[in-house]
Amino acid sequence: MISIKQIISWKTALFILMLLPMMLGLGYGLLYSFGVIGLLNTGFTTEHWSDVLLNFNFWKSLLFSFGIGLISVGISLVIALWMVVNWHHDLRKGKLSTLIYLPLAFPATVVGFFIFQSFSKTGFWSRLLYQTGVISEIEDFPSLVNDAYGIGIILASTFIITPFLSLILKGIFENEDVTRFQHIAKSLGASQRQVLVKITLPILLQKAKTSLLLFLIFVIGSYEIPLLLGRQNPKMITVAIVDKAQRFNLNDIPQAYAMAILYVSFLIFLFFGFQRLAKLKTKAYA
Amino acid sequence: MRKQIGQSIVGFIIIFPIVFLLILSFGKQWFYPHILPNLWQTSQWESLFSPSFQLTKSLGLSLLLSISVGLVSTVTAFYFSKKIAYSYNKTTWLSLAYVPYLLSPIIFAVLIHFYFLKTGLSGSLLGVIIAQFLICFPFGIIICSTFWTAQIQSLENLSSTLGGSSTQTLKRVLLPLGKSTLLLCFFQCFLISWFEYGLTHFIGAGKVKTLTVSVFSYVNEANPFLAALAGFLLILPSVLLLLANKKLIFKTSNKRPDYE
Amino acid sequence: MKNLLVLFASSLLFISCQSSSETKPLNLDDYTWKDIKAEGQAQEMTMMMWKGDPKINAYMQQYIKPKLLKKHNINLTIVDGQGNYIVQMLMAELQAGANTSEIDLMWINGETFYQLRQIDALFGPWTSKLPNASNIDFENPFIGKDFQQAIDGYEMPWGNVQMTLIYNQDKIQQPPQTRAELLSFVKEHPGKFTWNNHFTGLTFMKALLMNIAGGAEVLKGEFNEDLYAKYSDELWIYLNQLKPYLWRQGEVFPENVAQMHQLFANGELLFTMSNNDAEVDNKVEEGLFKKSSRAYVPEFGSIQNSHYLGISKLSKKKLSAMLVVNELISEENQLEKMKPSVWGDGTVLQVSKLDSAFQKKFNSIAQRHYAPPREDIQQKALPELAPEYMIRLAEDFKKNLID
């Protein structure tokens with residue numbers, strides 16, 4: 001019996017399963033965006049790329065997504081840090097330790113739907129405020145979803161990230177035996193605040209760096225949430241790309257592929273650039 | 001005192017969505033400014049028990065889809081993560097394994113759509129399984145890679161020195177030891193597939209109607225009640241799993257659990 | 001590493017060489033209706049249609065689908081999609097050289113028909129083969145022409161509707177009839193009026209465009225760039241005057257009509273609109289709209305148009321699709337869908353051509369309670385404009401009002 005190992009090496013198999021699809025996809029996107037293939041295309045051209053690169057709205061979407069990502073991760077980080085530092089024991093044992101796992105059961109779709117139903121102008125909170133007399137008509141409730149600042153998107157993303165991040169930080173807290181260091185520092189005369197700033201936070205943040213980056217990328221790449229809670233202007237980048245590929249002018253489809261490639265490049269640059277930077281920094285201390 | 005209040009708020013924020021979805025799923029009409037639906041019905045929940053109801057079919061389909069993807073991804077990831085862990089370019093492969101996650105699944109779907117059309121996989125369940133597998137599998141590698149420590153490697157070597165075949169080593173040594181990693185990997189891959197919307201909708205051409213696709217189609221039909229029901233079904237398996245054993249979904253620390 | 005690069009390069013080469021479809025094109029001359037019935041039986045079929053209305057969905061799923069199963073043993077799967085989504089999908093299939101299509105039958109009209117013909121994604125001509133087609137009123141300009149285009153047998157008329165605005169009679173006694181009245185209305189009631197960023201909203205804008213141009217006659221016929229430029233400039237000026245008083249200050253528009261109906265039902269909007277003149281009856285009967293809702297057509301008129309069914313060129317189930325369409329245009333099924341309690345969609349059949357029993361049934365269909373009868377709004381009916389108008393309006397609306 002000939003085993004598969006003898007036909008192709010595991011590296012080739014892995015390449016085919018893991019990397020080839022993406023390379024094929026990017027290859028197709030490149031060819032399409034340069035006009036080489038595609039039903040309505042007429043041959044090699046750089047006009048689609050120049051249209052995209054010079055399109056203000058593309059950069060606006062990209063930066064908007066990046067900004068929303070930073071804000072969401074930032075808020076989640078603050079809340080998660082606060083919970084882990086102050087409620088560490090309750091996160092290990094007791095009701096909170098079970099509760100904190102529950103939001104992990106929520107898909108982005110459901111979170112988006114829930115945030116919409118509770119925070120829209122005719123949502124749950126608006127009705128509550130109306131009934132308690134805080135607002136006298138629908139108009140008075142602020143626009144929190146489908147709004148210009150992406151508040152709904154931030155709320156939904158924070159809801160998803162915070163529990164995850166708390167669990168990761170809790171894990172770091174235990175693995176790095178932070179409590180021990182805290183005791184040592186205190187016995188050496190450090191104040192609460194010094195312990196926090198010089199011991200607890202640096203350890204937690206240092207080890208959580210990659211996770212934070214991954215969460216940032218998660219928010220930038222989220223699709224269902226902006227679909228439910230975002231709006232046409234400003235648009236998150238994933239929605240912008242899919243809209244260009246599906247909803248608008250047929251002749252703009254090559255642009256959608258160019259945008260997709262730029263988006264992927266941006267994320268790869270962000271991810272690997274960050275890793276490089278992190279490595280350099282740690283080397284400096286070594 | 002402050003701690004009590006703070007934790008209660010957090011508890012409320014977590015429980016409220018679940019309760020809200022449940023209540024909404026029994027609604028029939030929810031005119032402003034009623035806080036709770038002003039008209040109720042149980043017919044939607046009752047329809048769940050009839051196999052011809054779209055949502056019931058979606059539930060079955062989602063289960064089938066996600067379990068398949070979870071299984072295939074876990075088995076493949078387990079095998080390849082071992083190869084990577086013992087290989088020379090371990091870190092390179094692991095970094096590359098992050099890349100499919102870096103594209104959001106929907107953008108990945110847009111880029112490879114052509115190939116699915118050409119091979120006739122577009123609009124089919126198999127096509128969606130393959131597409132989801134391509135996303136879950138690298139993720140599985142990252143999860144399983146933590147299993148292959150030097151200790152495990154030496155146990156493997158020990159087993160073969162003592163005369164065990166590779167199958168025996170697998171069955172008697174690796175699988176029992178790797179149980180928690182394998183389960184974690186399975187559930188993570190299951191969840192990624194279970195939660196997936198964009199890629200499923202795109203590659204499946206709207207024909208592969210999973211639960212997430214149903215939520216969106218009810219939202220587009222402006223039926224928040226059925227959407228809430230679909231949403232509740234979506235969170236149900238995970239909630240049950242979590243209450244049974246939190247560690248199945250997420251491993252926080254490597255410390256031996258002496259309390260939990 | 002080299003091997004991997006070779007693999008990659010050869011895959012790219014694979015994409016660039018696209019094989020053409022291998023199936024023989026269907027020649028309808030070889031088939032009689034009997035043949036079509038025989039071969040189209042007992043098949044699985046997919047139809048793509050807009051699924052934003054629960055009543056239409058119910059009509060298709062609970063009335064039509066079982067009928068098809070029973071009569072022809074055809075299992076119809078219905079998926080959601082309309083407009084550009086359908087065009088992109090079929091285009092992608094053509095590009096990939098697929099030898100079959102995921103969609104067999106589709107619900108289309110206007111600019112979708114135009115674009116599909118541009119990329120040659122529609123099968124045809126086929127409509128004359130259907131026995132029930134002889135009852136259709138092709139002479140009626142609102143039916144025989146789709147957005148001023150000849151349909152040439154490439155799509156079959158399915159239903160006919162006229163757009164109306166829906167409002168709450170308790171809150172508004174005199175709905176606005178002219179553009180000027182609309183402007184003063186939104187100023188008096190800021191944040192209570194809007195339209196959606198899709199088909200219905202664009203239909204509304206087209207009516208305004210014709211009003212600005214001084215009548216439907218001016219923009220009749222083929223697309224005229226100069227006329228478009230002239231009148232659309234005025235349109236954007238007018239709409240920008242409305243903008244600050246619109247819902248959410250006109251910075252965001254509802255994505256679909258279902259959302260607009262929800263906002264109207266909740267009281268967030270005082271107006272909603274629908275392409276279907278009977279919609280208000282549907283929604284009141286459903287319990288979504290309050291009983292005080294009424295529909296009307298302003299003095300400046302609203303567009304009446306028909307919607308159609310098309311078959312994709314790559315479909316492998318063309319004969320079954322033809323069977324399904326024949327059912328959909330039968331007197332029985334057209335009558336059923338015209339009932340306000342079911343859908344309220346106007347028929348494309350020439351009622352006078354039908355046998356007397358059916359004529360009676362059509363003429364005694366339950367009256368609408370909340371919408372004006374079709375005869376009353378017929379004289380305010382505007383014809384559809386050439387498809388390029390819609391395409392340009394969609395783009396320029398984004399540019400001028402959203403961005």
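Side-chain atoms are counted along with the backbone in the values below, which use heavy atoms only and exclude waters and symmetry mates. Remember, it's a predicted structure, so these values are computed and weren't measured experimentally. Order of the sequence lines fixes the chain letters, A, B, ..., with proteins taken first and strands second; residue numbering starts at 1 for each chain.
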Problem - Heavy-atom side-chain contact between A:L24 and B:I112 under 4.5 Å - result: no
Problem - Contact summary for B:S238 and A:A105, nearest pair of heavy atoms - result: CB-CB, 3.2 Å
Problem - Contacting region of A:I138 [heavy-atom separation from chain B under 4.5 Å] - result: both
Handout entry: chain B contact via A:F124 - which portion, at a heavy-atom distance below 4.5 Å
Key = both
Practice task
Select, from A:L169, A:L214, A:I268, A:V264, the one with the greatest count of heavy-atom pairs under 4.5 Å involving chain B.
Solution key: A:L214
Practice task
Sort and list the pairs that fulfil side chain to side chain donor-acceptor pair (under 3.5 Å) and have at least one residue in residues 259-274 of chain A, not counting sequence neighbours.
Solution key: none
Problem - Atom group of B:S95 that falls short of 4.5 Å from chain A, counting heavy atoms - result: both
Exercise for the section: Measure distances from A:A256 to the heavy atoms of chain B and classify the residue's part below 4.5 Å as side chain, backbone, both or neither. Expected result: neither
Fill in the blank from the handout: Bottom line for B:V219: the part with an atom under 4.5 Å from chain A's heavy atoms is side chain
Fill in the blank from the handout: Turns out that what part of B:L24 lies under 4.5 Å from chain A's heavy atoms comes down to side chain
Handout entry: Geometric class of the B:F20/A:F114 ring pair [parallel <30°, tilted 30-60°, perpendicular >60°]
Key = perpendicular
Practice task
Against chain B, work out which of A:W87, A:Y257, A:F218 has the most heavy-atom pairs shorter than 4.5 Å and name it.
Solution key: A:W87
Exercise for the section: Report the C-alpha distance between A:M18 and B:I141 in whole Å, list the side-chain angles of each, state the deciding distance to 0.1 Å, and finish with yes or no for side-chain contact (heavy atoms from CB on, under 4.5 Å). Expected result: CA-CA 10 Å; A:M18 202 163 81; B:I141 289 186; 3.9 Å; yes
Practice task
Please state whether the side chain, the backbone, both or neither of A:Q275 comes within less than 4.5 Å of a heavy atom of chain B.
Solution key: neither
Exercise for the section: Would you please classify the geometry between the B:Y197 ring and the A:Y223 ring as parallel, tilted or perpendicular, with 30° and 60° separating the classes? Expected result: parallel
Practice task
Nearest 0.5 Å please: distance from the CG atom of A:L102 over to the CD1 atom of B:I15.
Solution key: 6.0 Å
Problem - Side chain, backbone, both or neither of B:L236 within contact of chain A (heavy atoms, under 4.5 Å) - result: neither
Practice task
Decide yes or no on side-chain contact (heavy atoms from CB on, under 4.5 Å) for A:L99 and B:V10, but give the supporting numbers first.
Solution key: CA-CA 9 Å; A:L99 279 179; B:V10 171; over 6 Å; no
Practice task
Select one option (side chain, backbone, both, neither) describing which atoms of B:I106 are under 4.5 Å from chain A's heavy atoms.
Solution key: side chain
Problem - A:L14/B:F137 under side-chain contact (heavy atoms from CB on, under 4.5 Å): CA gap, chis, key distance, verdict - result: CA-CA 10 Å; A:L14 189 59; B:F137 157 70; 3.6 Å; yes
Completion exercise
The interface call for A:I241 against chain B, heavy-atom contacts under 4.5 Å, is side chain
Handout entry: Portion of B:I107 that has a non-hydrogen atom of chain A nearer than 4.5 angstrom
Key = side chain
Practice task
Could you tell me which of B:A227, B:P237, B:A109 has the largest number of non-hydrogen atom pairs under 4.5 Å with chain A?
Solution key: B:A227
Exercise for the section: Please flag which part of B:F31 lies under 4.5 Å from any non-hydrogen atom of chain A: side chain, backbone, both or neither. Expected result: backbone
Fill in the blank from the handout: Scored by heavy-atom pairs under 4.5 Å with chain B, the best of A:I217, A:L17, A:I261, A:T162 is A:L17
Problem - Under 4.5 Å from any heavy atom of chain A - which part of B:L36 - result: neither
Fill in the blank from the handout: Heavy-atom closest pair (A:R127 atom, B:H34 atom, distance to 0.1 Å) is NH1-O, 2.8 Å
Handout entry: chain B contact via A:F106 - which portion, at a heavy-atom distance below 4.5 Å
Key = both
Handout entry: Side chain, backbone, both or neither of A:I135 within contact of chain B (heavy atoms, under 4.5 Å)
Key = side chain
Problem - Min side-chain heavy-atom separation A:I37-B:F114 under 4.5 Å - result: no
Fill in the blank from the handout: If one checks every heavy atom of A:Y32 against chain B at 4.5 Å, the contacting part turns out to be neither
Problem - Side chain, backbone, both or neither of B:W30 within contact of chain A (heavy atoms, under 4.5 Å) - result: both
Fill in the blank from the handout: For A:A245 and B:V110 the tightest heavy-atom approach is CB-CG1, 4.5 Å
Handout entry: Non-hydrogen side-chain atoms of B:L21 and A:F113 separated by less than 4.5 Å
Key = yes
Problem - Contact class of A:M259 relative to chain B, heavy atoms under 4.5 angstrom - result: neither
Handout entry: Point-to-point distance, once rounded to the nearest 0.5 Å, from CG of A:L267 to OH of B:Y98
Key = 15.0 Å
Exercise for the section: Using non-hydrogen atoms and a 4.5 Å limit, figure out which bit of A:Q131 sits close to chain B: side chain, backbone, both or neither. Expected result: side chain
Handout entry: Contact class of B:F202 relative to chain A, heavy atoms under 4.5 angstrom
Key = side chain
Practice task
I would like to know whether A:E224 and B:F195 meet side-chain contact (heavy atoms from CB on, under 4.5 Å); could you show each step before the answer?
Solution key: CA-CA 10 Å; A:E224 294 92 338; B:F195 290 172; over 6 Å; no
Fill in the blank from the handout: Most contact-rich option vs chain A, by heavy-atom pairs under 4.5 angstrom, among B:P224, B:A228, B:A230, B:P105, is B:P224
Handout entry: Choice from A:N86, A:I115, A:I79, A:T238 maximising heavy atom contacts with chain B below 4.5 Å
Key = A:T238
